[in-house]
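Shown next, in C-alpha coordinates, is the structure this report addresses.
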Amino acid sequence: MYRICKCIELESGHLLSKHPGKCRFPHGHTRSVELVFAAESLDDNDMVMDFKLIKEMLGDFQDRFDHALCMNTDDPNYPVFRRSYGERIIPFEHQDPTSEAMAYAVYRHTAEALNRAISGEFSFKARACVRLERVRVWETGSSWAEYSPQDS
(Lines give C-alpha, C1' and ligand atoms only; values in the text may rest on other atoms or scores of the structure.)
Protein backbone atom coordinates (compact mmCIF):
# COMPACT_ATOMS: atom_id res chain seq x y z
CA MET A 1 0.00 0.00 0.00
CA TYR A 2 1.28 3.46 -0.90
CA ARG A 3 0.34 6.39 1.30
CA ILE A 4 0.77 10.13 1.04
CA CYS A 5 0.03 12.80 3.61
CA LYS A 6 -0.89 16.42 2.97
CA CYS A 7 -0.70 18.79 5.94
CA ILE A 8 -2.67 22.03 6.10
CA GLU A 9 -3.40 24.56 8.82
CA LEU A 10 -6.79 25.84 9.89
CA GLU A 11 -6.78 29.15 11.76
CA SER A 12 -10.09 29.22 13.55
CA GLY A 13 -11.80 29.55 16.87
CA HIS A 14 -14.42 27.57 18.66
CA LEU A 15 -16.32 27.43 21.89
CA LEU A 16 -17.46 24.25 23.55
CA SER A 17 -20.82 25.05 25.09
CA LYS A 18 -21.02 21.68 26.88
CA HIS A 19 -17.58 22.02 28.48
CA PRO A 20 -17.52 22.67 32.25
CA GLY A 21 -14.25 24.66 32.16
CA LYS A 22 -12.66 27.54 30.26
CA CYS A 23 -13.17 25.88 26.88
CA ARG A 24 -16.80 27.01 26.99
CA PHE A 25 -15.52 30.52 26.16
CA PRO A 26 -14.51 31.56 22.62
CA HIS A 27 -10.85 30.80 21.92
CA GLY A 28 -8.72 30.07 18.91
CA HIS A 29 -6.27 27.50 17.59
CA THR A 30 -3.88 27.05 14.75
CA ARG A 31 -4.87 23.50 13.94
CA SER A 32 -2.53 21.33 11.94
CA VAL A 33 -4.47 18.84 9.84
CA GLU A 34 -3.01 15.67 8.30
CA LEU A 35 -4.87 14.02 5.43
CA VAL A 36 -3.68 10.54 4.49
CA PHE A 37 -4.54 9.10 1.07
CA ALA A 38 -3.75 5.53 0.01
CA ALA A 39 -3.63 3.42 -3.14
CA GLU A 40 -2.30 -0.03 -3.94
CA SER A 41 -0.52 1.23 -7.06
CA LEU A 42 1.02 4.38 -8.46
CA ASP A 43 -0.32 6.34 -11.41
CA ASP A 44 1.49 7.03 -14.70
CA ASN A 45 3.43 9.80 -12.93
CA ASP A 46 4.50 7.38 -10.16
CA MET A 47 2.24 9.08 -7.60
CA VAL A 48 -0.72 8.10 -5.45
CA MET A 49 -2.16 11.45 -6.55
CA ASP A 50 -0.82 14.93 -7.15
CA PHE A 51 -0.43 17.14 -4.07
CA LYS A 52 -1.68 20.08 -6.15
CA LEU A 53 -4.99 18.27 -6.56
CA ILE A 54 -5.33 17.90 -2.79
CA LYS A 55 -4.64 21.61 -2.36
CA GLU A 56 -7.30 22.41 -4.95
CA MET A 57 -9.79 20.03 -3.30
CA LEU A 58 -9.34 21.80 0.05
CA GLY A 59 -9.11 25.42 -1.13
CA ASP A 60 -12.63 26.70 -0.46
CA PHE A 61 -13.00 24.60 2.67
CA GLN A 62 -9.75 25.91 4.12
CA ASP A 63 -10.67 29.50 3.25
CA ARG A 64 -14.04 29.11 4.95
CA PHE A 65 -12.39 28.19 8.26
CA ASP A 66 -9.81 30.99 8.12
CA HIS A 67 -10.48 33.27 11.09
CA ALA A 68 -13.95 31.84 11.61
CA LEU A 69 -15.67 30.68 14.79
CA CYS A 70 -17.08 27.15 14.99
CA MET A 71 -20.20 26.79 17.14
CA ASN A 72 -22.75 24.23 18.23
CA THR A 73 -26.10 25.18 16.68
CA ASP A 74 -27.74 24.31 20.03
CA ASP A 75 -25.71 26.99 21.84
CA PRO A 76 -28.20 29.67 22.98
CA ASN A 77 -25.88 32.38 21.61
CA TYR A 78 -25.54 30.78 18.16
CA PRO A 79 -28.30 32.91 16.53
CA VAL A 80 -26.77 36.12 17.90
CA PHE A 81 -23.27 35.24 16.65
CA ARG A 82 -24.64 34.14 13.26
CA ARG A 83 -26.58 37.40 12.83
CA SER A 84 -23.56 39.45 13.87
CA TYR A 85 -20.83 37.63 11.94
CA GLY A 86 -22.66 35.76 9.19
CA GLU A 87 -20.60 33.21 7.30
CA ARG A 88 -17.66 33.62 9.70
CA ILE A 89 -19.69 31.44 12.10
CA ILE A 90 -19.43 27.79 11.10
CA PRO A 91 -22.32 25.67 12.36
CA PHE A 92 -21.79 22.27 13.89
CA GLU A 93 -25.25 20.74 13.92
CA HIS A 94 -26.24 19.76 17.47
CA GLN A 95 -22.66 19.08 18.61
CA ASP A 96 -19.75 20.98 20.02
CA PRO A 97 -16.96 21.66 17.50
CA THR A 98 -14.39 19.53 19.29
CA SER A 99 -11.24 18.30 17.57
CA GLU A 100 -13.02 14.97 17.05
CA ALA A 101 -15.96 16.70 15.33
CA MET A 102 -13.53 18.83 13.31
CA ALA A 103 -11.66 15.71 12.12
CA TYR A 104 -14.95 14.21 10.95
CA ALA A 105 -15.97 17.45 9.18
CA VAL A 106 -12.64 17.63 7.34
CA TYR A 107 -12.89 13.93 6.46
CA ARG A 108 -16.44 14.28 5.13
CA HIS A 109 -15.55 17.31 2.99
CA THR A 110 -12.38 15.72 1.63
CA ALA A 111 -14.05 12.39 0.84
CA GLU A 112 -16.73 14.24 -1.13
CA ALA A 113 -14.07 16.32 -2.92
CA LEU A 114 -12.12 13.15 -3.74
CA ASN A 115 -15.23 11.69 -5.38
CA ARG A 116 -15.53 14.88 -7.44
CA ALA A 117 -11.82 14.63 -8.36
CA ILE A 118 -12.35 11.06 -9.53
CA SER A 119 -15.19 12.37 -11.72
CA GLY A 120 -12.82 14.95 -13.21
CA GLU A 121 -14.24 18.14 -11.67
CA PHE A 122 -10.81 19.61 -10.86
CA SER A 123 -7.78 20.54 -12.98
CA PHE A 124 -6.23 17.15 -12.11
CA LYS A 125 -8.09 13.86 -11.98
CA ALA A 126 -7.81 11.28 -9.21
CA ARG A 127 -7.93 7.55 -9.90
CA ALA A 128 -10.87 5.55 -8.60
CA CYS A 129 -8.52 3.35 -6.54
CA VAL A 130 -7.37 6.28 -4.36
CA ARG A 131 -9.04 6.48 -0.97
CA LEU A 132 -8.92 8.88 1.93
CA GLU A 133 -7.63 6.76 4.78
CA ARG A 134 -7.79 9.14 7.74
CA VAL A 135 -7.78 12.74 8.94
CA ARG A 136 -5.88 13.81 12.03
CA VAL A 137 -6.45 17.25 13.59
CA TRP A 138 -3.80 18.59 15.94
CA GLU A 139 -5.38 21.10 18.33
CA THR A 140 -2.07 21.77 20.06
CA GLY A 141 1.46 20.46 19.63
CA SER A 142 0.68 17.60 22.01
CA SER A 143 -3.02 16.84 21.40
CA TRP A 144 -4.79 15.43 18.36
CA ALA A 145 -8.02 13.74 17.32
CA GLU A 146 -8.46 11.47 14.32
CA TYR A 147 -11.28 10.18 12.16
CA SER A 148 -11.17 7.22 9.79
CA PRO A 149 -13.98 5.02 8.55
CA GLN A 150 -14.22 1.60 10.18
CA ASP A 151 -13.12 -0.25 7.07
CA SER A 152 -9.71 1.45 6.92
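Numbers for residues simply follow the sequence, beginning at 1.
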Is I54 close to M49 at the side-chain level, that is, under 4.5 Å between some pair of heavy atoms?
-> yes
Is it true that a side-chain atom of S119 and a backbone atom of E121 form a donor plus acceptor pair closer than 3.5 Å?
-> no
Would you say the side-chain atoms of R31 and H14 include a donor-acceptor pair closer than 3.5 Å?
-> yes
Is there a chain of hydrophobic side chains (I, L, V, M, F, W, Y, each step under 4.5 Å between heavy atoms) that links M102 to M57?
-> yes
Checking Q62 side chain against E9 main chain: does a donor-acceptor pair fall under 3.5 Å?
-> yes
With under 30° as parallel and over 60° as perpendicular, where do the rings of H109 and F61 fit, or are they tilted in between?
-> parallel
Going by distance alone, is a donor N or O of one side chain under 3.5 Å from an acceptor N or O of the other, for D74 and S17?
-> no
Could you check F25 against L15 for side-chain contact (heavy atoms from CB on, under 4.5 Å), going step by step and ending with a plain yes or no?
-> CA-CA 5 Å; F25 301 112; L15 59 93; over 6 Å; no
Can you tell me if CD on E93 sees more than 12 non-hydrogen neighbours from other groups inside 6.0 Å?
-> yes
Side-chain heavy atoms under 4.5 angstrom apart, residues restricted to Ile, Leu, Val, Met, Phe, Trp, Tyr: same cluster for F81 and Y78?
-> yes
With distance as the sole criterion, is a donor-acceptor pair present between the side chains of E100 and T98 under 3.5 Å?
-> yes
Going by atom types only, do E11 and T30 share a side-chain donor-acceptor pair under 3.5 Å?
-> yes
Give a yes or no on whether L53 and I4 share a hydrophobic cluster (residues Ile, Leu, Val, Met, Phe, Trp, Tyr; joining criterion: side-chain heavy atoms under 4.5 Å apart).
-> yes
Rounded to the nearest 0.5 angstrom, the CZ-CZ distance for F51 and F37 is 9.5 Å
For side-chain contact (heavy atoms from CB on, under 4.5 Å), just list the numbers for T73 and Q95, CA-CA rounded to whole Å, side-chain angles, deciding distance to a tenth of an Å, and then say yes or no.
-> CA-CA 7 Å; T73 56; Q95 68 175 355; over 6 Å; no
Short question: side chain of Y85, backbone of A68 - any donor-acceptor pair under 3.5 Å?
-> no
Hey, can you tell me if H29 and H27 have their rings parallel, tilted or perpendicular (30° and 60° cut-offs)?
-> perpendicular
With distance as the sole criterion, is a donor-acceptor pair present between the side chains of E56 and S123 under 3.5 Å?
-> yes
Is V48 reachable from V33 through a run of hydrophobic residues whose side-chain heavy atoms are each under 4.5 Å from the next?
-> yes
What's the shortest heavy-atom distance between F122 and A113, and which atoms?
-> CE1-O, 3.4 Å
What is the distance from atom CD of E133 to atom SG of C5, rounded to the nearest 0.5 Å?
-> 10.5 Å
List for me each residue that meets side chain to side chain contact (heavy atoms under 4.5 Å, CB included) alongside S99, sequence neighbours excluded, and say none if there are none.
-> E139, A145
When you look at V106 and Y147, which way does the side-chain contact (heavy atoms from CB on, under 4.5 Å) test go after all the steps?
-> CA-CA 9 Å; V106 174; Y147 178 81; over 6 Å; no
Just how far is it from atom CZ of F65 to atom SG of C70, taken to the nearest 0.5 Å?
-> 4.5 Å
E34 side chain to W138 side chain, donor-acceptor N/O pair below 3.5 angstrom | yes
Hits for side chain to side chain contact (heavy atoms under 4.5 Å, CB included) against R127, two or more places apart or cross-chain, chain-then-number order -> A39, S41, D43, C129, V130
Within the distance-only criterion (no hydrogens, no angle test), does the side chain of R24 pair as donor or acceptor with the backbone N or O of P20 below 3.5 angstrom?
-> yes
Approximate separation, where rounding is to 0.5 Å, of K18 NZ and D75 CG | 10.5 Å
Applying side chain to side chain contact (heavy atoms under 4.5 Å, CB included) to K125 and not counting sequence neighbours gives none
Stepwise side-chain contact (heavy atoms from CB on, under 4.5 Å) test for V135 and E146 = CA-CA 6 Å; V135 170; E146 181 175 282; over 6 Å; no
Rounded to the nearest 0.5 Å, how far does CZ of F124 lie from CE of M47?
-> 8.0 Å
From the list D96, L16, N77, side chain to side chain contact (heavy atoms under 4.5 Å, CB included) partner of N72 resolves to D96
Under 6.0 Å from the CG atom of D60, do we count more than 12 heavy atoms belonging to anything else shown?
-> no
hydrophobic_cluster_shared for V36 and I118, side chain cutoff 4.5 Å | no
How many angstroms lie between atom OG1 of T110 and atom CG of L58, to the nearest 0.5 angstrom?
-> 4.5 Å
